[in-house]
Amino acid sequence: MTLRLYNTLTRSKDVFTPIDPKAVRLYVCGPTVYDYAHIGNARPVIVFDVLYRLLRHLYGPGHVTYVRNITDIDDKINARAKEEGVPIGDLTSRTTKQFHADIAALNVLEPTHEPRATETIPEIITLIKKLIANGHAYEAEGHVLFDVPSMKDYGRLSRRPLDDMIAGARVDVAPYKRGEMDFVLWKPSGPDLPGWDSPWGRGRPGWHIECSAMSWKHLGERFDIHGGGIDLIFPHHENEVAQTRCAFGSQVMANVWMHNGFLQIDGQKMSKSLGNFLTINEVLKDWPGEVLRFNMLRTHYRQPIDWTVKGLEESRRILDGFYNSATARLTEEARFAEPVLEALCDDLNTPRAIAELHALDRPNFQMQLGATLNALGFTGKHVEDKAARIDEHKVNALIQARLAARAAKNWAESDRLRAEIDALGVVLMDNKDGTTSWEVKR
Ligand SMILES: [Zn+2]
């Protein structure tokens with residue numbers, strides 16, 4: 001099976017050839033931990049989980065390394081900790097825990113490594129030293145800046161017009177910058193801010209250098225796939241490329257760059273000011289994690305996704321339908337049916353994969369449907385969770401009481417008991433042989 005992936009770097013769908021098929025390497029930018037993650041953050045987590053599962057299938061689970069970082073040094077974190085009057089470490093460990101709990105409900109596999117910026121300071125300092133030594137960075141007023149004009153092909157990933165990039169960089173005006181587009185690698189920290197000793201004084205890293213250091217530490221100077229949201233292409237990923245390539249004098253940082261599209265809420269950009277800001281945690285209060293996961297995958301990852309309650313309802317209905325057909329088989333092994341695998345190998349075409357699941361939803365294919373749902377990260381967990389909450393003894397006692405009422409032709413009592421059973425989330429089935437069986441309502 002040939003895997004093709006759309007590469008932002010080449011702007012085309014290319015055949016994926018790993019540098020080393022025995023060690024396929026994937027890096028995805030993770031969250032900055034200062035608050036509950038919003039629903040848009042769930043998209044790369046789910047999309048790249050599917051890619052990780054696919055790569056594990058194609059190359060073997062032991063031959064794929066997946067790194068998703070935690071950004072736990074950031075000015076937004078510093079500001080929030082000050083606002084709440086708590087130590088920075090308390091805020092970041094609390095929000096990291098929240099993030100882990102939220103995404104566990106989405107059935108994502110744990111990455112091989114989940115490095116934190118605070119644990120990667122020696123590598124960050126080493127990289128900055130290399131960049132200064134190579135003539136790609138300079139020190140000014142306690143800051144270290146990347147010298148953008150020193151890199152001849154800066155901007156190759158985002159392909160933005162120069163004016164655009166200058167306008168973007170101008171947001172960050174500073175008298176110590178030599179060039180308008182130069183960006184911060186290291187900045188000084190006052191006594192009230194987190195800081196580490198460095199050759200340039202006590203300070204903290206800029207955001208972009210964190211990812212260059214964490215990917216280098218766990219995946220090396222060059223690796224296979226780098227992923228993230230489309231909003232990260234510029235400046236974050238452009239600057240990651242600049243740092244890593246200039247530090248090592250290489251032509252490429254990652255061979256393939258994959259970006260997932262935006263997420264909108266009811267056709268509008270999500271923002272706190274519009275009052276439509278949704279966290280993963282809030283959505284999980286109303287919907288099972290697997291429904292959220294399924295809803296995310298019904299849209300191709302590169303397309304914008306419109307997040308609506310109607311879409312979630314539809315996702316729940318489809319998924320429950322699949323579970324109804326495959327439910328007894330969900331403990332089967334995880335194995336992709338061939339047509340689903342083909343769809344995924346075509347640039348992770350999950351809408352097509354779901355269409356293929358519909359095709360498997362017919363007699364004699366329940367086993368394949370169950371195994372494929374499993375392989376895609378759908379285990380029917382929420383249906384099982386619901387079942388686990390039902391008191392079986394109580395249901396059986398009520399069924400016996402109802403059978404007795406029916407035998408006595410006490411229809412009113414029989415109806416009342418049926419309603420009571422119904423309220424427990426159970427569906428009754430009166431069999432032809434006079435017995436009654438039940439199952440969990442979906
Ligand atoms: Zn990053």
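Counting starts at 1 for both ligands and their atoms, in listed order. Everything numeric here is computed off the predicted structure, so don't read it as measured data.
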Ser325 versus Asp361, side-chain donor and acceptor atoms under 3.5 Å: yes
Pair Arg204, Ser189: side-chain N/O donor-acceptor within cut-off below 3.5 Å: yes
Whether over 12 other heavy atoms sit under 6.0 Å from Glu110 CD: no
Heteroatom N/O/S of Glu240 within less than 2.8 Å of the Zn ion (ligand 1): yes
Closest His236 atom to the Zn ion (ligand 1) [N, O or S only]: NE2
Validation row, ring centre His208 to ring centre His237 under 6.0 Å: no
Rounded to 10 degrees, the angle SG of Cys211 makes with SG of Cys29 at the Zn ion (ligand 1): 130°
